[in-house]
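So you know, we letter chains A, B, ... as the sequences are listed, proteins then strands, and number each from 1.
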Protein chains: 2
Amino acid sequence: MRNLDALDARILLALDADPRATTVALADRLGLARNTVQARLKRLEEDGQLREPSRRVDPAALGYPLLALITLSISQRVGQSTREPILRIPEVIELLVTTGDGDLLARVVAKDTEDLHRITNLLLEVPGVVRSNTTIVLLEVQPFSVRSLLEGHAGS
Amino acid sequence: MRNLDALDARILLALDADPRATTVALADRLGLARNTVQARLKRLEEDGQLREPSRRVDPAALGYPLLALITLSISQRVGQSTREPILRIPEVIELLVTTGDGDLLARVVAKDTEDLHRITNLLLEVPGVVRSNTTIVLLEVQPFSVRSLLEGHAGS
DNA sequence: ATTAATTTTAAGCATAATGCTCAATCGAGA
DNA sequence: TCTCGATTGAGCATTATGCTTAAAATTAAT
């Protein structure tokens, strides 16, 4: 897999700024030929650097305004078998295996604090989960974005 | 803002399963008229439930295979002024204000552990940051996805 | 049960994007 | 200077898009 060059980064940045932009619009904005943009995008996708787009659904707009990060401690023996039941809880929208005091980190949405309490109890009922630690997200200062990363590559 | 009905959820699910799907393809797959899908999608976007798509760039494919979650404790007085310098660090790809023992949670990518050390030091140099706690992500069991949430709504 | 309102469906149409191919041109490096 | 890879420009058939209009179907209310 090749590394990104500056042109790749510029194309990805333009796409980040306007994900709806067509190939034609990108080429126009960047002052490139349509074929060039089309070829680079194709290669970026083939190389796995540009994954499928995602249509972003806002959980808050779905009625889940509460976002929490729940650290879960898992008893040694069970290991992987705890993940599946956790993922079956619909409100768990992301699950990471981590180092540190916890073993799993779950990103959880909820309708309100009572709902969050219910979900926390669900998590504690999962076999192998011995402890949980809930952190509530008060503000998403910067939602997930790789823009700053790309900017470094584009400046060369 | 209206709540999602089952049809909305089904459309969003189909879009989640295949984000590249055209309106025509969605209508075909769901057995609906193109106009119906087009109108529902338009309304979902107008209501803010369906945000702009995002082209997903994999940080690992960009040369940042290490993912860490860094909890930052902030001294009382400074508050918001710490956020800006933190966001200027390119490797910070997400920043949340949280309750709990930390005050900020930064999602950080790095080229390797040494790079992560460098970034941690950068964070500690930010005025107002008094303590940091780094957790390394070993595995993304379930990347961010609202699919499970939507499935609940679609089943009615 | 009948009426009213909303939603879905169907068709048409102009414009634009897409995926593709081919050949010419450009640029950097051997 | 020669060569290889990337970029460019053009063309072309197919398809999606955004939009409008009107009929049919569904739902809610009286």
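- Here B:Arg147 pairs with B:Glu151 under the salt bridge (Lys or Arg N to Asp or Glu O under 4.0 Å) rule; sequence neighbours left out.
- Evaluation of the side chain to side chain contact (heavy atoms under 4.5 Å, CB included) rule for A:Lys42 yields A:Glu46 as partners, not counting sequence neighbours.
- When rounded to the nearest whole Å, the span between CG of B:Asp5 and P of D:dA28 equals 12 Å.
- Minimum interatomic distance between B:Leu105 and B:Thr71 (heavy atoms only, all atoms of both residues): CD1-OG1, 3.5 Å.
- When the salt bridge (Lys or Arg N to Asp or Glu O under 4.0 Å) test is applied to B:Asp28, no partner is found at least two apart in sequence or on another chain.
- With sequence neighbours excluded, the residues that form a side chain to side chain contact (heavy atoms under 4.5 Å, CB included) with A:Ala25 are A:Ala21, A:Thr22.
- Comparing the local axis fitted to the first five base pairs of the helix from C:dA1-D:dT30 to C:dA30-D:dT1 with the one fitted to its last five gives a bend of 40°, rounded to 10°.
- What you find for B:Gly128 and B:Thr82 is that their closest heavy atoms are CA-CG2, 3.8 Å.
- Taking B:Ser54 as the reference, A:Ser54 meet the side chain to side chain donor-acceptor pair (under 3.5 Å) condition, with sequence neighbours excluded.
- At the heavy-atom level, A:Leu41 lies nowhere under 4.0 Å from the strands shown.
- To the nearest angstrom, P of C:dT8 lies 8 Å from CZ of B:Arg43.
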Exercise answer: donor-acceptor pairs, residues 84-95 of chain A side-chain atoms, under 3.5 Å, sequence neighbours excluded:
residue: A:Glu84; atom: OE2; partner: A:Arg88; partner atom: NH1; Å: 2.7
residue: A:Glu91; atom: OE2; partner: A:Arg118; partner atom: NH2; Å: 3.0
residue: A:Glu94; atom: OE1; partner: A:Arg107; partner atom: NE; Å: 2.8
residue: A:Glu94; atom: OE1; partner: B:Arg107; partner atom: NH2; Å: 3.3
residue: A:Glu94; atom: OE2; partner: B:Arg107; partner atom: NH1; Å: 3.3
residue: A:Glu94; atom: OE2; partner: B:Arg107; partner atom: NH2; Å: 2.9

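- One finds a side-chain N or O of B:Gln38 lying less than 4.0 angstrom from the OP1 or OP2 phosphate oxygen of D:dG18.
- In this structure, A:Leu7 atom CG and D:dG5 atom P are separated by 19 Å, rounded to whole Å.
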Please tabulate, for side-chain N and O atoms in residues 12-20 of chain B, each donor-acceptor pair with protein atoms closer than 3.5 Å (sequence neighbours left out).
residue: B:Asp18; atom: OD1; partner: B:Arg20; partner atom: N; Å: 3.3
residue: B:Arg20; atom: NH2; partner: A:Glu45; partner atom: OE1; Å: 2.6
residue: B:Arg20; atom: NH2; partner: A:Glu45; partner atom: OE2; Å: 2.9

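- A close approach under 4.0 Å does not occur between any side-chain nitrogen or oxygen of B:Thr22 and OP1 or OP2 of D:dT15.
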All N/O contacts under 3.5 Å from nucleotides 25-30 of chain C to the protein, with atom names and distances to one decimal?
none

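- A:Thr113 meets the side chain to side chain contact (heavy atoms under 4.5 Å, CB included) test with A:Leu66; sequence neighbours excluded.
- A heavy atom lying under 4.0 Å from DNA chain C marks the following residues of residues 24-36 of chain B, by number: B:Leu32, B:Ala33, B:Arg34, B:Asn35, B:Thr36.
- Rounded to whole angstrom, the span from the CD atom of B:Glu45 across to the C1' atom of D:dT17 amounts to 13 Å.
- For A:Arg40 and D:dA6, the shortest distance from a side-chain N or O to OP1 or OP2 is not below 4.0 Å.
- Residues satisfying the side chain to side chain contact (heavy atoms under 4.5 Å, CB included) criterion with B:Asp112, sequence neighbours excluded, are B:Glu114, B:Asp115.
- Rounded to whole angstrom, the span from the NZ atom of B:Lys42 across to the C1' atom of D:dA16 amounts to 17 Å.
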